[in-house]
2 protein chains.
Amino acid sequence: MKKPVKIDDIAALANTSTATVSRALNNKPGVTEATRQRIIKLAQELNYRPNRIAQNLALQKSHLIGFVAADLLNVVYIDFFRRVQKLVEPLGYQVLISDSEQDVAKERHNIEVLRQHRAEGLIIFPIHDWHSETPVDHLMELRLRKFPFVVLGSIKGYGLDCVTSDEIGVAREMTAHLLSLGHRRVGFIGHDPENRCVNERFEGVRLALREAGLDLDPAHVVAHREGWQEGLRTLLQTAGRPTALVFMNDVLALMAHRLIGDLGIEVPRDLSIATFDNGIWTQHLRPTLTTTVENPQGIARVATDLLLERMETPDGAPQTRLIPQQLIIRESTGPVPQ
Amino acid sequence: MKKPVKIDDIAALANTSTATVSRALNNKPGVTEATRQRIIKLAQELNYRPNRIAQNLALQKSHLIGFVAADLLNVVYIDFFRRVQKLVEPLGYQVLISDSEQDVAKERHNIEVLRQHRAEGLIIFPIHDWHSETPVDHLMELRLRKFPFVVLGSIKGYGLDCVTSDEIGVAREMTAHLLSLGHRRVGFIGHDPENRCVNERFEGVRLALREAGLDLDPAHVVAHREGWQEGLRTLLQTAGRPTALVFMNDVLALMAHRLIGDLGIEVPRDLSIATFDNGIWTQHLRPTLTTTVENPQGIARVATDLLLERMETPDGAPQTRLIPQQLIIRESTGPVPQ
DNA sequence: TAACAAGGCGCAACCGTTTGCGGACATCAA
DNA sequence: TTGATGTCCGCAAACGGTTGCGCCTTGTTA
């Protein structure tokens with residue numbers, strides 16, 4: 001590979017100093033239009049490509065925003081990444097994406113690397129490690145050093161800048177929808193108290209029921225563990241079973257779909273089902289599934305704004321911002337069976 | 001945000017020169033163990049974090065490998081990224097991922113940016129622009145300048161280093177499987193001659209049929225355009241319709257799944273269907289779908305090896321490497337109806 | 001014609017790190 | 001004591017850009 005052209009080469013050929021070349025190429029004042037054109041032409045001919053490394057060192061700016069995703073296999077993060085990229089590109093920033101693969105150690109490592117690269121701000125989807133005393137101590141350290149970053153997801157009460165999608169609200173809305181269809185016995189499939197997001201969805205359901213003067217019957221809750229499918233099967237075979245089921249997410253609903261069909265239960269005639277996250281299959285199964293979508297655009301926009309704000313004023317008070325989700329009603333929820 | 005600690009700060013506190021600090025922290029010879037320990041301790045206390053930008057400039061190495069993905073929303077790329085990352089991390093490289101979003105202009109731009117950052121090598125999943133004369137002229141320019149990179153996917157005949165998954169082979173194997181079940185009339189749904197990958201799958205099917213002395217009846221091919229679902233419906237309602245269908249990919253098969261059911265056709269009793277790419281729903285639909293998986297591990301390994309080899313010897317002759325895929329036989333393919 | 005202003009340009013320092021070279025010092029043998 | 005040998009370490013140049021400051025040139029005005 002040939003050595004890349006540098007600014008000195010251009011300066012030599014143009015009979016100027018490197019200073020002039022730099023000013024010419026960066027559209028800074030202090031160069032006649034003639035010289036500027038001469039230099040630009042020369043740069044093109046030589047196929048000059050500024051060395052970002054040197055540039056960043058000289059400018060004391062990395063033009064880098066770090067994006068630490070909990071698990072890139074989830075498309076949500078990619079979509080988010082794209083939107084952020086698009087928002088900060090006009091400001092001259094590059095977004096560097098890194099993947100924690102559901103592993104706190106990797107998350108720490110990624111943050112460390114990004115700091116070594118002198119990222120100017122970080123957007124973090126953290127792994128929740130509920131088994132450790134201080135699940136977010138490395139985040140607290142960032143905060144302590146006034147390093148600008150925002151956290152996505154439901155970390156509350158730690159005094160961090162944070163943007164979160166409103167799980168509770170949409171779960172509540174979904175349940176209200178079921179109630180309006182006449183359902184009174186609503187079950188929750190795949191409960192996992194250790195998972196904050198699932199927990200919030202669960203809370204939302206319970207909240208809506210309570211508002212209608214109902215209780216969420218513990219017998220109608222199937223936990224998310226090995227063998228949950230058996231749990232679901234027996235639940236569906238008991239008398240007085242729920243007339244509507246809320247699944248913890250769309251993958252679970254997909255897995256249950258076949259099982260429900262095999263039991264000879266027809267959705268929504270015999271049973272209504274609803275779930276979260278709008279995975280592509282939810283609109284192609286029969287029946288199509290009632291589900292929810294986040295507002296990714298809103299999340300990205302708000303998170304980016306908040307980060308930029310924090311980069312401006314690293315001392316500002318931490319903020320929490322809540323982004324509403326949308327309920328999509330499809331075929332799988334219908335009137336309660338007579 | 002506080003100014004980060006630099007090597008000078010440590011040197012001052014340790015009463016040494018920056019040279020010694022550098023040597024100490026990088027485990028280079030020429031420092032007594034005592035001084036080394038003193039410096040390391042100091043570095044930890046000060047929370048020193050080397051400035052990668054300055055480091056890279058001094059070392060004339062970016063430690064960067066660029067990964068240009070055609071469309072990050074496709075999980076395949078992420079999986080690939082992870083594997084490559086894992087392979088090159090031990091060598092001290094960082095993989096920088098960038099997303100072309102199915103847009104050639106963006107692909108060019110991404111490559112440009114990566115070159116400005118002095119990436120030492122590139123892995124590129126290109127967008128195929130079959131409308132332009134030289135679909136890959138920017139890649140040819142890279143090659144010309146002996147910039148190390150490998151292309152993934154089926155770009156052949158341009159003299160580039162290239163790793164590709166064997167679509168033809170697995171399509172052929174899939175078809176052979178159908179033939180062995182007694183099928184003689186095999187249809188192909190979603191043909192798109194402009195898409196190289198689909199084309200190869202189509203070719204594989206045709207090849208297998210020809211080897212059995214059969215022809216792929218053009219009337220049994222449904223093109224991938226607006227309204228293909230209508231085409232499929234009419235095909236399935238004609239007498240002498242195919243007894244087996246090969247779908248261009250798993251998303252198409254998912255979309256068709258419901259349509260087939262609505263026509264009262266039972267799979268695989270009345271009709272066998274098979275497709276490509278092992279999307280999560282293929283194993284949860286009823287019936288589960290016969291499909292194919294790439295060997296992502298193999299692809300990543302081979303691509304990385306090839307890239308590293310090219311980085312060593314930028315002048316080496318370009319190579320093409322073919323990676324086999326695997327056929328997964330599930331419920332959706334069965335014996336031909338009597 | 002001299003005094004002055006203003007704009008174009010170059011010199012050199014700087015960004016934070018690495019590293020070749022040579023100086024200082026200790027050790028050891030003659 | 002001297003010289004040879006070797007080890008530890010500092011000086012300063014380099015990496016490829018940016019930029020404050022001051023010099024020079026040119027044009028304007030009295």
Side-chain angles (χ1 to χ4, degrees), chain A residues 1-40 42-43 46-64 92 94 113 115-120, chain B residues 1-40 42-43 46-64 92 94 113 115-120:
Chain A
M1 191 176 52
K2 294 202 206 81
K3 280 253 167 278
V5 181
K6 47 190 188 177
I7 220 174
D8 308 31
D9 303 329
I10 301 184
L13 285 177
N15 273 321
T16 64
S17 69
T18 63
T20 305
V21 176
S22 172
R23 282 189 270 254
L25 294 177
N26 294 312
N27 279 318
K28 297 248 162 102
V31 195
T32 28
E33 199 47 33
T35 343
R36 190 188 300 280
Q37 289 308 329
R38 186 159 46 101
I39 289 176
I40 290 180
L42 223 43
L46 293 180
N47 219 304
Y48 171 71
R49 221 177 304 271
N51 184 327
R52 295 281 185 194
I53 302 179
Q55 220 169 28
N56 288 338
L57 180 61
L59 289 172
Q60 292 287 84
K61 277 203 97 202
S62 65
H63 302 279
L64 225 186
Q94 177 81 12
V113 169
R115 291 180 72 180
Q116 293 191 358
H117 281 95
R118 296 299 185 267
E120 298 174 34
Chain B
M1 190 176 50
K2 294 200 205 83
K3 280 252 166 277
V5 182
K6 48 190 185 175
I7 222 177
D8 307 31
D9 302 330
I10 302 184
L13 285 177
N15 271 323
T16 64
S17 69
T18 63
T20 305
V21 176
S22 173
R23 283 190 269 256
L25 293 177
N26 294 312
N27 280 318
K28 296 248 161 101
V31 194
T32 28
E33 198 48 32
T35 356
R36 189 188 302 279
Q37 289 308 329
R38 186 160 44 100
I39 288 175
I40 289 180
L42 223 42
L46 293 180
N47 218 302
Y48 171 71
R49 220 178 304 272
N51 184 327
R52 295 281 185 193
I53 301 179
Q55 224 169 24
N56 288 338
L57 181 60
L59 289 173
Q60 292 286 83
K61 279 201 97 209
S62 64
H63 302 279
L64 226 188
Q94 177 82 13
V113 169
R115 292 181 73 180
Q116 294 191 358
H117 280 94
R118 297 298 185 265
E120 299 175 34

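Residue numbering restarts at 1 for every chain, and letters A, B, ... go by the order of the sequence lines.
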**Request:** Quick one: list whatever passes side chain to side chain donor-acceptor pair (under 3.5 Å) with A:E33, sequence neighbours left out.
**Result:** A:Q37

**Request:** Please tell me if the side chains of A:N56 and A:H63 come closer than 4.5 Å, counting only heavy atoms from C-beta onward.
**Result:** yes

**Message:** With heavy atoms of chain B within less than 4.0 Å as the criterion, where does contact along DNA chain C begin and end?
**Reply:** C:dG16 to C:dG20

**Prompt:** Given atom CG of A:N51 and atom P of D:dA14, what is their separation to the nearest angstrom?
**Reply:** 18 Å

**Request:** For B:D9, answer base if it contacts any base atom (sugar-phosphate contacts may also be present), sugar-phosphate if it contacts only those atoms, and nothing otherwise; contact means non-hydrogen atoms under 4.0 Å.
**Result:** nothing

**Prompt:** Which parts of nucleotides 18-27 of chain D does protein reach within less than 4.0 Å, heavy atoms only, written one letter per nucleotide 5' to 3' as B for base, S for sugar-phosphate only and - for none?
**Reply:** BBB-------

**Message:** To the nearest 0.5 Å, what is the distance between CG on B:L25 and CG on B:L42?
**Reply:** 9.5 Å

**Distance, rounded to the nearest Å, where B:Q60 contributes CD and D:dA14 contributes P** = 13 Å

**Message:** Heavy atoms within less than 4.0 Å of DNA chain C: which residues of residues 29-37 of chain A have one? Give them sorted by number.
**Reply:** A:G30, A:V31, A:T32, A:T35

**Message:** Working to the nearest 0.5 angstrom, can you tell me the gap between B:R49 CZ and A:R118 CZ?
**Reply:** 7.5 Å

**Set of side chain to side chain donor-acceptor pair (under 3.5 Å) partners for B:R115, sequence neighbours left out** = B:E141

**Prompt:** Roughly how bent is the helix from C:dT1-D:dA30 to C:dA30-D:dT1 end to end, in steps of 10 degrees, with each end axis from five pairs?
**Reply:** 60°

**Fill in**
Between CG of B:N15 and C1' of D:dC9 the distance, given in whole Å, is 13 Å

Could you tabulate the donor-acceptor pairs under 3.5 Å formed by side-chain atoms of residues 10-18 of chain B, not counting sequence neighbours?
{"unit_1": "B:S17", "atom_1": "OG", "unit_2": "B:A19", "atom_2": "N", "d": "3.3"}
{"unit_1": "B:S17", "atom_1": "OG", "unit_2": "B:T20", "atom_2": "N", "d": "3.3"}
{"unit_1": "B:S17", "atom_1": "OG", "unit_2": "B:T20", "atom_2": "OG1", "d": "3.3"}

**Request:** Please examine the side chains of B:T35 and B:R38, heavy atoms only from C-beta on, and report whether any two atoms are closer than 4.5 Å.
**Result:** yes

**Closest heavy-atom pair and its distance - A:D9, A:P4** = OD2-O, 4.5 Å

**Message:** Rounded to the nearest 0.5 Å, what separates atom CG in B:N51 from atom CD in A:Q116?
**Reply:** 9.5 Å

**Asked** Taking only residues two or more places apart in sequence, or in another chain, which ones meet A:K61 in a salt bridge (charged side-chain N to carboxylate O under 4.0 Å, His left out)?
**Response** A:E120

**Value in whole Å for how far the C1' atom of D:dA14 lies from CD1 of A:I53** = 15 Å

**Item:** Partner residues of A:S22 under the side-chain contact (heavy atoms from CB on, under 4.5 Å) criterion, sequence neighbours left out
**Value:** A:I7, A:N26

**Asked** Which residues pass the side chain to side chain donor-acceptor pair (under 3.5 Å) test with A:Q55, sequence neighbours left out?
**Response** A:R52

**Item:** Counterpart residues, side chain to side chain donor-acceptor pair (under 3.5 Å), relative to B:D8 (two or more places apart)
**Value:** none

**Integer-rounded Å distance: D:dC15 C1' and A:L57 CG** = 9 Å

